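None of these values were measured; they are calculated from a predicted model. Numbered from 1 within each chain, the chains take letters A, B, ... in sequence-line order.
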There are 2 protein chains.
Amino acid sequence: MQFSKSTDYALHALIHLTLSEKDGHIGIKELAHTLGVSVSYLSKIMSKLRQDGIVRAVPGVNGGYELARPADEITFLEVIQVIEGREQLFECSNLHSQQHQLLSEEMAEVHLPKHRGSECLVKKVMDGAEEQLHQYLRQHTIQAVVDQALNRQHGFTSKK
Amino acid sequence: MQFSKSTDYALHALIHLTLSEKDGHIGIKELAHTLGVSVSYLSKIMSKLRQDGIVRAVPGVNGGYELARPADEITFLEVIQVIEGREQLFECSNLHSQQHQLLSEEMAEVHLPKHRGSECLVKKVMDGAEEQLHQYLRQHTIQAVVDQALNRQHGFTSKK
DNA sequence: TCTATTATGGATATCAAGTATCTACAATGT
DNA sequence: ACATTGTAGATACTTGATATCCATAATAGA
Ligand code: SF4
Ligand code: SF4
């Protein structure tokens, strides 16, 4: 249960793009060098970000990447979901077990009979956990992190 | 980013143990059959739970497993950590990159120079997310899930 | 238009982890 | 002793993450 390194790279790449926004397009070479990862590998990650409309890519001379939207509209959750996929944290793998019959029949009676897809409390707890995590990650944007970093630095240098 | 199936099985096994607490020891065969998974595989999972003091095992005739502590002291977080391990959700893999130099130097100045292990805001956000998740999972126990299931069933049958 | 530059997508290789099973061994109660 | 039951190690299979290479397509600028 860990985020993949790709997610790590994606986040760092986006931060670099945000910091260099005024410089126009950023080449994959520069990005890869800054992050310390191979160009070929990073391309794959950037492609995903592009396909999901988080960055724009421009081929050709002086081409490269730029953010497709303001950094304060790019949340951690989005980036993570693009790279990691959107599968649920907890997938029932016991749906045909005796136990599931027990726990879900108990549940089924409570709600309307129509509500077939009703799940037991185990799943409900786990889904709650996921929602909790998502809420938190939705509240944090790339811009916020960059801002805080710059503010702190600024606060320090101006004090000295 | 998903919990492994082992975690799923572990949770369900513990629920079965809780429901059958009065019946004394529960054999691995019964457990495996209830969950619909092979005995050999489930043994591995139960072993982990035993090593971490969540269940007790008794070999020999009429042996089997039982909870080592009351079910209301067994949290989802514990179970998950036993099975999934205790690695952090987010591990920095860019610690030697140019970017890390940038972001962490900015940070370093703010805190006392002694505080070497200071990390940037990216990591702080991700660690916050993990803590958020852990808090939630700490608040939910096996007993709570079982109780709710039984209460609901009871509430239903007594009404009808 | 031609060319150098740059991203794209497919194929592929490698490695680690999760899933799953089997077997020899040790501990227990009768 | 003896049948029962869990333990631990070895092993095989599958999947996903990581990483690279190359042929192709798109673009800007000469
Ligand atoms: S978690 Fe609940 S719904 Fe999912 S398989 Fe287990 S008993 Fe069924
Ligand atoms: S997340 Fe922050 S501390 Fe971690 S590698 Fe990236 S810049 Fe460094």
Side-chain angles (χ1 to χ4, degrees), chain A residues 1-10 12-13 17 23-33 35-68 80 82-87 89-91 93-94, chain B residues 1-10 12-13 17 23-33 35-68 80 82-87 89-91 93-94:
Chain A
M1 246 291 289
Q2 238 187 277
F3 288 119
S4 72
K5 295 199 180 187
S6 300
T7 298
D8 188 322
Y9 295 139
H12 284 81
L17 286 185
D23 302 343
H25 297 159
I26 309 296
I28 184 89
K29 268 190 209 163
E30 180 182 335
L31 269 178
H33 184 244
L35 301 193
V37 63
S38 83
V39 170
S40 339
Y41 182 30
L42 190 58
S43 320
K44 292 294 141 97
I45 295 167
M46 295 311 289
S47 281
K48 279 194 188 171
L49 292 177
R50 187 188 61 81
Q51 282 163 15
D52 278 65
I54 292 178
V55 301
R56 245 191 306 272
V58 180
V61 180
N62 291 327
Y65 294 95
E66 63 180 349
L67 295 183
I80 290 171
V82 167
I83 306 295
E84 305 273 335
R86 286 174 175 77
E87 309 130 350
L89 218 54
F90 181 81
E91 297 270 344
S93 46
N94 291 4
Chain B
M1 246 291 288
Q2 239 187 276
F3 289 119
S4 73
K5 296 199 179 186
S6 300
T7 297
D8 187 321
Y9 295 139
H12 284 81
L17 286 185
D23 303 343
H25 296 157
I26 309 295
I28 185 90
K29 267 189 209 165
E30 180 182 335
L31 270 178
H33 185 243
L35 302 192
V37 63
S38 83
V39 169
S40 339
Y41 182 29
L42 190 58
S43 317
K44 291 293 140 92
I45 295 167
M46 295 311 290
S47 280
K48 278 194 188 171
L49 292 177
R50 187 188 60 83
Q51 282 164 15
D52 278 64
I54 292 179
V55 301
R56 244 191 306 271
V58 180
V61 181
N62 293 326
Y65 294 95
E66 62 180 349
L67 296 183
I80 290 171
V82 167
I83 306 294
E84 305 273 335
R86 287 175 175 75
E87 309 130 350
L89 219 54
F90 182 81
E91 298 270 344
S93 46
N94 291 3

Least distance between heavy atoms, Ala68(B) atom then Gly53(B) atom: CB-O, 3.5 Å
Between Gly64(A) and Gly60(B), just flag the one whose closest nucleotide in DNA chain C comes earlier from the 5' side. Gly64(A)
Within a reach of under 6.0 Å around NE2 of His25(A), are more than 12 heavy atoms found that belong to other residues, nucleotides or ligands? yes
For nucleotides 17-24 of chain C, 5' to 3', base contacts (B), sugar-phosphate-only contacts (S) and non-contacts (-) with protein non-hydrogen atoms under 4.0 Å give -SSBBB--
Counting side-chain heavy atoms from CB outward, which of dA8(D), dT8(C), dG6(D) is closest to Arg50(B)? dA8(D)
Provide, to the nearest angstrom, the distance between the NE2 atom belonging to His25(A) and the P atom belonging to dG29(D). 11 Å
Smallest heavy-atom separation, Ala10(A) atom then Leu49(A) atom, equals CB-CD1, 4.2 Å
In this structure, how many angstroms lie between the P atom of dA7(C) and the CG atom of Leu17(A), rounded? 11 Å
Using whole Å, what does the distance between atom P of nucleotide dG6(D) and atom CG of Asn62(B) come to? 10 Å
In whole angstroms, the gap separating P of dG9(C) from NZ of Lys48(A) amounts to 13 Å
Quickly work out the Ile45(B) CD1 to dT7(D) P distance and round it to whole Å. 13 Å
Shortest side-chain distance from Pro59(B), nucleotide among dA3(D), dT5(D), dA4(C): dT5(D)
Find the distance Gln51(B):CD to dT7(D):P and express it as a whole number of Å. 9 Å
Nearest-Å distance, CD1 (Ile28(B)) to P (dG6(D))? 6 Å
Is there a side-chain contact between Arg56(B) and Arg50(B), using heavy atoms and a 4.5 Å cut-off? no
If I compare all heavy atoms of Ala13(B) with all of Leu31(B), which pair ends up nearest, and what's the gap? O-CD2, 3.9 Å
Nearest heavy-atom contact between Asp8(A) and Ser93(B) is OD2-OG, 2.9 Å
Could you check whether the rings of Tyr9(B) and Tyr41(B) sit parallel, tilted or perpendicular, using 30° and 60° as the cut-offs? perpendicular
Rounded distance (Å) that lies between atom P of dG6(D) and atom CD1 of Ile26(B): 10 Å
